[in-house]
Amino acid sequence: MNKNGQIKSRFSRWTMIALTLTLLTGLLSACSGGNDPSKAESSVIRIGVLYGGADNEPYFRQQYTDMFEMQNPNVQFEIVGAINYEDQRYVQTEPGKEQEQPDPYEKMKEMMTGQNPVDVVVLDYNMLRRFTQDNLLQPLDPMIQKDKFDISDYVPTVIDGIKSVGDNNIYALTPTFTSSALYYNKKIFADMNIEPPTDKMQWEDIFNKARQVASGEGEDRVFGFSFNRWANDPFSDANYYSNALQLRYWDEKGETMLVNNDQWLNVWDSVYGLHKDKIVPDQQHMNQLYEKRSSSSDAPFDPFFGDLFLSGNVAMMIGESYYVNELRRANDNAANIKDFNMVDWDVVTVPVSAANPDAGGNIGLSQLMGINSKAQNPDGAWDFVKFSNSKEWAKLKSRSNYELVARKEFLKPVGDLTYNIDAFTSLKPLPPVSNNDDKLSREKPGLWQAQSFGYELFQEVMNGTKTTKEALAEWETKGNAALQQTNAGGGDGNIDIMPVPRAMTEEEAVKAAAGEIDVEEVSVDEVAVEE
């Protein structure tokens with residue numbers, strides 16, 4: 001054999017040996033479990049939530065962690081609640097003393113900075129700014145860039161809202177959100193030859209448009225506008241409007257009332273005028289409808305009774321994103337309901353203020369997921385946050401009837417409906433005006449009393465016994481007295497119960513419409529105030 005043949009023979013022999021060793025190594029590795037995920041090192045990811053308990057944990061696991069565990073059998077989750085109200089539920093307190101309520105922020109902070117800190121924290125939007133300011137969260141931007149995690153299709157409502165409270169940085173992500181929009185009846189505007197509302201209209205323009213389309217009397221009255229799906233008392237409507245403009249009742253220390261100024265005067269004048277001129281529905285109108293229906297033995301079947309928008313009696317209404325499902329159900333069953341004509345509707349963004357024209361609405365970012373600065377398993381935490389906010393996960397979540405998905409690719413109109421879905425996604429959440437209000441409300445019971453004076457005084461405005469200017473001046477005086485009493489250490493005296501109005505929940509409203517509960521009983525909250 002020549003020299004070249006010997007070299008070729010040796011090369012072939014060594015090639016076969018190397019190939020055999022490679023195959024043998026792979027086989028041994030497979031037999032020993034080297035590439036078997038089930039044999040990989042196990043890890044634990046601790047997730048901190050605000051409210052824990054036997055009922056909350058199974059729901060959270062079903063919604064967020066079960067799928068991840070199925071794909072990653074070596075990962076175990078521990079769900080840690082900062083506050084467990086079950087612990088308080090079974091604790092007996094002394095007569096006359098209220099159980100002390102824990103501070104949510106401090107309990108969350110304790111869970112994140114203690115001896116066994118959580119890795120992932122799930123928090124509400126109102127807490128995000130304070131968490132970032134106190135350096136409790138890791139910025140996610142470096143991880144997003146490193147892994148080339150695509151967030152380009154996140155809707156502005158979510159991603160811009162997150163950045164706005166993090167100095168343009170991303171400290172948390174959420175796969176879903178809820179939002180509100182201005183629903184309007186297209187037929188009412190068309191019949192009156194009036195231009196319908198458009199996106200980002202200011203409050204005053206919406207009120208003017210509402211006056212243009214309001215018409216009729218009694219049961220046939222068409223109201224121009226409603227602050228929500230169910231009619232409220234004037235003070236509750238004024239509260240909604242003032243919150244949208246981010247006005248405050250008192251200063252950040254809870255020492256001085258801030259209601260006697262031109263901004264509050266404009267709010268009260270506007271709401272007073274809307275109610276006086278019957279531009280918006282109120283509880284009195286709803287009570288009359290309930291009484292007439294309950295006194296009639298042959299009242300026709302009406303599954304939407306009490307819903308003034310579906311009945312065609314409201315031209316514009318602020319409603320939640322999940323109200324679309326109710327409209328879809330009504331549309332699907334319209335043929336089965338006698339004398340029912342489905343509303344021809346669409347949506348635009350909720351009204352905005354001149355001071356903040358790109359923000360507004362009751363936007364809910366309640367499942368924000370961030371990584372603790374002191375996380376023991378930061379890599380696992382990021383894997384979970386990344387998975388929970390992935391496009392694959394968004395595709396699954398897009399089937400939800402209640403929440404909207406944050407990724408625009410999978411955000412589609414419900415069913416076969418056609419409407420301006422961008423109305424729910426183009427505004428940013430209103431930034432929190434204070435990080436201290438929750439703490440104030442727990443520590444200073446006089447705040448409730450100070451607020452309740454506003455309800456009484458607005459009733460006097462509606463009765464014509466006071467002007468809005470006089471009422472606000474008196475609210476300031478009485479409110480300051482209540483605040484001073486609290487700040488001086490009052491709070492151990494006798495306790496009285498005072499009704500404070502509130503909007504009905506959707507469940508309460510449905511029961512009220514069916515006559516199962518009394519409207520007046522569920523439209524107030526009883527709060528303790530000092531005598």
Side-chain angles (χ1 to χ4, degrees), residues 35-50 52 56-81 111-112 117-125 128 131 136-155 157-159 161-163 166 169-178 364-400 402-411:
N35 291 327
D36 186 353
S38 64
K39 301 298 183 180
E41 184 178 353
S42 62
S43 65
V44 175
I45 300 175
R46 288 170 55 80
I47 299 181
V49 297
L50 179 56
N56 291 352
E57 181 174 332
Y59 174 80
F60 184 87
R61 287 183 177 275
Q62 182 185 45
Q63 291 293 309
Y64 297 103
T65 65
D66 284 351
M67 184 68 71
F68 187 90
E69 282 188 283
M70 185 173 69
Q71 294 188 14
N72 301 272
N74 305 295
V75 175
Q76 293 183 345
F77 285 97
E78 293 181 6
I79 314 300
V80 184
M111 179 177 64
M112 298 173 68
V118 296
D119 302 304
V120 177
V121 61
V122 181
L123 63 152
D124 186 81
Y125 183 73
L128 183 57
F131 272 55
L136 294 176
L137 297 174
Q138 296 185 25
L140 301 184
D141 303 81
M143 306 174 200
I144 292 172
Q145 295 168 7
K146 178 183 177 182
D147 290 357
K148 297 181 180 178
F149 184 62
D150 185 12
I151 59 171
S152 60
D153 65 337
Y154 264 68
V155 297
T157 289
V158 173
I159 203 68
I162 291 171
K163 288 181 177 180
N169 296 311
I170 299 173
Y171 284 90
L173 288 171
T174 178
T176 59
F177 68 104
T178 57
L365 305 179
S366 59
Q367 298 296 324
L368 288 162
M369 300 177 184
I371 299 178
N372 186 4
S373 295
K374 297 183 179 298
Q376 303 174 86
N377 185 4
D379 293 337
W382 170 236
D383 286 341
F384 173 70
V385 171
K386 187 167 55 173
F387 172 83
S388 301
N389 290 274
S390 65
K391 291 187 176 183
E392 293 78 11
W393 189 236
K395 184 177 181 180
L396 294 177
K397 283 292 184 180
S398 66
R399 302 167 185 168
S400 170
Y402 181 80
E403 296 175 309
L404 301 172
V405 289
R407 289 186 178 272
K408 196 171 181 63
E409 178 182 351
F410 304 103
L411 187 62

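Just so it is clear, the structure is predicted and the values come from calculations on it, not from any experiment.
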Which salt bridge (Lys or Arg N to Asp or Glu O under 4.0 Å) pairs, counting each pair once, include a residue from residues 58-68, with sequence neighbours left out?
Glu57-Arg61, Arg61-Glu69
Looking at Pro139 and Met143, what are the two nearest heavy atoms and their distance?
O-CE, 4.0 Å
Please report the closest heavy-atom contact between Thr174 and Ala406, naming both atoms and the distance.
O-CB, 3.5 Å
Carefully, step by step, assess Val385 and Ile371 under the rule side-chain contact (heavy atoms from CB on, under 4.5 Å).
CA-CA 8 Å; Val385 171; Ile371 299 178; 4.2 Å; yes
Step-by-step side-chain contact (heavy atoms from CB on, under 4.5 Å) determination, Val158 to Thr176
CA-CA 9 Å; Val158 173; Thr176 59; over 6 Å; no
Partners of Phe131 by ring-ring contact (aromatic ring centres under 6.0 Å, His included), sequence neighbours excluded?
Tyr105
Does Asp153 come within less than 4.0 Å of Arg407, counting only side-chain N to carboxylate O?
yes
Check Ala394 against Phe410 and note the closest heavy-atom contact, atom names and distance.
CB-CD1, 3.8 Å
Step by step, work out the side-chain contact (heavy atoms from CB on, under 4.5 Å) result for Phe384 and Asn72.
CA-CA 10 Å; Phe384 173 70; Asn72 301 272; over 6 Å; no
Among Glu403, Glu392, Gln63, find the one that has a side chain to side chain donor-acceptor pair (under 3.5 Å) with Lys397.
Gln63
What residue pairs, at least two apart or across chains, pass side chain to side chain donor-acceptor pair (under 3.5 Å) with a residue in residues 364-376?
Asn116-Gln376
Looking only at heavy atoms, the pair that brings Tyr125 and Leu368 closest together is CA-CD1, 3.7 Å
Check: Tyr64 ring centre within less than 6.0 Å of Phe77 ring centre:
no
Shortest non-hydrogen contact from Pro175 to Met369?
CD-CE, 4.4 Å
Could you report the tightest heavy-atom contact between Asp119 and Asn377, atom names first, then the distance?
OD1-N, 2.8 Å
